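Note on naming: letters A, B, ... go to the chains in the order of the sequence lines (proteins, then strands), and numbering restarts at 1 for each one. In what follows, every heavy atom counts, from backbone to side chain, and hydrogens, waters and symmetry copies are set aside. Quick caveat, the model's predicted, so the values are computed rather than measured.
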Amino acid sequence: MKLNQAQNQAVTFISGPCLVLAGAGSGKTRVITNKIAYLVRDCDVPARYILAVTFTNKAAREMKERVALTLGKQESRGLKISTFHTLGLNIIKSEVKEIGLKPGFSLFDDKDSMALLKDLTMEKLDGDKEQLFLLQNCISSWKNDLIMPEQLQKKALSAGELEFAQFYLRYQQNLRAYNALDFDDLIMLPTLLLRHKEHVRLKWQKRIRYMLVDEYQDTNTSQYELVRLLVGERARFTVVGDDDQSIYSWRGAKPQNLVLLQKDFPALRVVKLEQNYRSSGRILHCANILIQNNPHVFDKKLYSELGYGEPLKILLAKNEDHEAERVVAELMAHKFMNNTQYKDYAVLYRGNHQSRLFEKVMMSNRIPYKINGGMSFFARAEVKDIMAYLRLLVNQDDDNALLRIINTPTRGIGRATLEKLGNFANELHVSLFEAACHPQLGSVISGKGLTAIENFNRWIVGLADNVMRGDTQAGIREMIKSMQYEEWLYATSTSPKAAEMGMSNISTLFGWITNMLEGDELEPPMTLPEVVNRLILRDMMERGEDKEDTDQVQLMTLHASKGLEFPYVFMVGMEEGLLPHQSSIDEDNIEEERRLAYVGVTRAQRELFFTLTRERRQYGELLNPEPSRFLYELPQDDLVWEDKKPKVSAEQRQQKGQTGIANLRNLLNK
DNA sequence: TCCCTATACATTTTT
DNA sequence: TGTATAGGGA
């Protein structure tokens, strides 16, 4: 595995701050893994002093695997590779006292935090969804900018902002009372801690002699500050990024951090990786021309030494059903002619809702496919229930968890009883569980409700004791059994099949938990509180047999495709209003949409297809979308716009399309 | 407590 | 247009 000159430069420069501008497909993962190996092997930096940070758990896992391949077990021992959020969680865990949290704190996900906000603002906002959404966003941005509620009070704010600042303060106070943190706290708290406490900062700086950051263009202000504090004066670090692939600014990412880096570290060495190893010359040329329509701070021009390749095809469809049929027909014909596999193809779209029709047509043509994204595993009711139980076992003050499951399965603790309990807890300023255990509870709740609550308390305390002390896995199994969850699921589900699905989801979850408790070559064993928090961060180590060897067409959003590559790519819905999306047109944010298109184009290795429709139904309304402006920005010499087909009636076309597909299927299946 | 109907909502969503 | 959810009525 030889490195090219630029890659080699990026790997071997270790004496100071280094920015690697890594164009799409230029081998940045290779640079990062090689650099880690270089540090350990050639520069005698023990692996435990190296920290590499990514954004997704998937990326972290992949990096771990690739480093393990080059370095081996011995040399990579103690190497720290994690996501920003897991890093933050680990810092908080070892500095609980400094931060003022009790051990065993809970993590609130977006839904939990929304539930809390809704509760806090009931009187003033009355559950106004739009306002709540705005508020949640506001708080998140404040946290990303490292602004504490107290600081906001001093600023001159409008009346509306002042009210939001008040909510922010109450929200933080409540989180603390529940001994809980939200996702943004995982970055903000360690950053503020390191900023203000020198001895803690020095301790962590000592532990990190070299730091690497992947997808640097996606960092927000607090994440960048965390990096700065960790690398300190010595500034021994490498960040890898590509401003043209910044597609998460709507989530607080600040691609300007690339420019800031040059200001904050004048000694910064900038290395550009411009040779692309992924795509045909033509695809790359198109990508370059497209992205040239955006302003740039760093100029960069990708080139490829692979062949020039086939022209990009643009398929016109009458409507969205037709679009899906055309893609499937084209895909099957292409597969037949080129003797390829299903997994060589990807269908990329702007919004998740677009997947439905493709799913439908693929299913009816028995094409194996895999949808990435959409309804998450953790959004399933049963999974949320079990997670809530586990959270409660770990932290009894977690009110959201308690509220979710105190009457699931039914225990005769109804709305009225809960309301009384809630009021009681409010008066005492304690969590619901603490209120439920209070000796004076009998003065506000009586009879059946009281007995039910007392039984529940005893049950939870006993379980928590068992699980935290003894055999955790057996304890969890016992819990699910003793509350008769399975029976309840079968009794309440719409069909036995749905209940079966539910139980199988629970086994999947249980399998992950078992894996994490036991650990493996890449991960040390964890305790239950650790497992619960990592699961909320969606950080489960799915590993083992059924990896990527299944032969399925990949369906995903353009966002989800970042970092992946496919021989043949279909970018569908290339229409004004979809890509660029209408709301981005309205907000005059075309540049990010163009980057999104750029990400899509650069996923393709050999061939690229675009599709668009004449008519599209949206919310029951019939639209006649214009072709996406991005199609016109591409070099027209490299495109083949499909001519309009001779006129055929809808029924005829339907039949034709169907029989065409059926014939192909026969050919493929024989 | 459960079931059905009316109603709201429909970009992207690494953690 | 299609789906998730909340709340009313039995």
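Going from atom NE2 of H559(A) over to atom C1' of dT13(B) covers 8 Å, rounded to whole Å. Note: CG (N144(A)) to C1' (dT14(B)) measures 13 Å, nearest angstrom. Spacing between atom CG of L132(A) and atom P of dC9(B) amounts to 12 Å, rounded to whole angstrom units. Between Q582(A) atom CD and dT12(B) atom P the separation is 15 Å, expressed in whole Å. H353(A) places its NE2 atom 13 Å from the C1' atom of dC9(B), with the value rounded to the nearest Å. The CD atom of Q136(A) sits 16 Å away from the P atom of dT13(B) (whole-angstrom rounding). The separation between E621(A) atom CD and dC9(B) atom C1' is 15 Å, rounded to whole Å.
A salt bridge links D185(A) with R176(A); the closest basic N to acidic carboxylate O contact falls under 4.0 Å. For the pair E592(A) and R595(A), the salt-bridge criterion is met [side-chain N within less than 4.0 Å of a carboxylate O]. Looking at K143(A) and D182(A), a side-chain N of the basic residue comes within less than 4.0 Å of a carboxylate O on the acidic one, giving a salt bridge. Look at D218(A) and R251(A) and you find no salt bridge, because none of the NZ, NE, NH1 or NH2 atoms lies under 4.0 Å from a carboxylate O. With salt bridges taken as basic N to acidic carboxylate O contacts below 4.0 Å, one links R391(A) and D112(A). Salt bridge annotation for K254(A)-D145(A): present, with a cationic side-chain nitrogen under 4.0 angstrom from a carboxylate oxygen.
Ring-to-base geometry does not place H85(A) in a stacked arrangement with dT15(B) (centre distance under 5.5 Å, plane angle under 30° required). With its ring centre under 5.5 Å from that of the base six-membered ring and a plane angle below 30°, W250(A) counts as stacked on dT12(B).
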Report, one pair per line, the protein and nucleotides 3-7 of chain B atoms (nitrogen or oxygen only) whose separation is under 3.5 Å.
none

Walk me through it: do Q245(A) and Y598(A) pass the test side chain to side chain donor-acceptor pair (under 3.5 Å)?
CA-CA 8 Å; Q245(A) 293 187 68; Y598(A) 175 79; 5.8 Å; no
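Between W204(A) and E95(A), the side chains place a donor N or O and an acceptor N or O closer than 3.5 Å (distance only, hydrogens not considered).
Look at dT12(B): its glycosidic torsion is beyond 90° from 0, and that puts it in the anti range.
Counting any heavy atom pair closer than 4.0 Å across all strands shown, F84(A) reaches no nucleic acid atom. Among the atoms of the strands shown, base atoms are found under 4.0 Å from some heavy atom of S584(A). Within the 4.0 angstrom heavy-atom criterion, no nucleotide atom of any strand lies near D214(A). Note on R350(A): a base of the nucleic acid sits closer than 4.0 angstrom, heavy atoms only. Among the heavy atoms of the strands lying under 4.0 Å from D218(A) is at least one base atom, whether or not backbone atoms are also near.
Under a 3.5 Å cut-off, the side chain of E323(A) and the backbone N or O of G573(A) do form a donor-acceptor pair. Side-chain atoms of H85(A) do not come within 3.5 Å of backbone N or O of L186(A) as any donor-acceptor pair. In this structure a side-chain-to-backbone donor-acceptor pair under 3.5 Å is present from E575(A) to T613(A). With hydrogens and angles ignored, the 3.5 Å screen pairs no side-chain donor or acceptor of N144(A) with any backbone N or O of G252(A).
Proximity note for T56(A) (side chain, C-beta onward) versus dT13(B), dT14(B), dT11(B): the nearest is dT14(B). Considering only side-chain atoms of Y619(A), the nucleotide from dT13(B), dT14(B), dA10(B) that sits closest is dA10(B).
Side-chain N/O atoms of N352(A) include one lying less than 4.0 angstrom from OP1 or OP2 on dT12(B).
dA4(C) and dT11(B) have their P atoms separated by 15 Å, with the value rounded to a whole Å. The gap from the C1' atom of dT12(B) to that of dT5(C) amounts to 23 Å, rounded to the nearest Å.
Mapping I413(A) and F183(A) onto DNA chain B via the closest heavy atom, the residue that lands nearer the 5' end is I413(A). Taking the nucleotide of DNA chain B with the nearest heavy atom to each of L537(A) and G351(A), the more 5' of the two is matched to G351(A).
Mapping heavy-atom proximity under 4.0 Å, the span of DNA chain C touched by chain A runs 5' to 3' from dT1(C) to dG2(C).
One cannot find a donor-acceptor pair under 3.5 Å joining the base of dT12(B) and the side-chain atoms of T557(A). Interface remark: the R251(A) side chain does not form any donor-acceptor pair with the dT12(B) base, using a distance-only criterion of under 3.5 Å.
Contacts of residues 589-599 of chain A with DNA chain B (heavy atom under 4.0 Å): E593(A).
Between F55(A) and the options Y248(A), F84(A), Y216(A), a ring-ring contact (aromatic ring centres under 6.0 Å, His included) holds for only F84(A).
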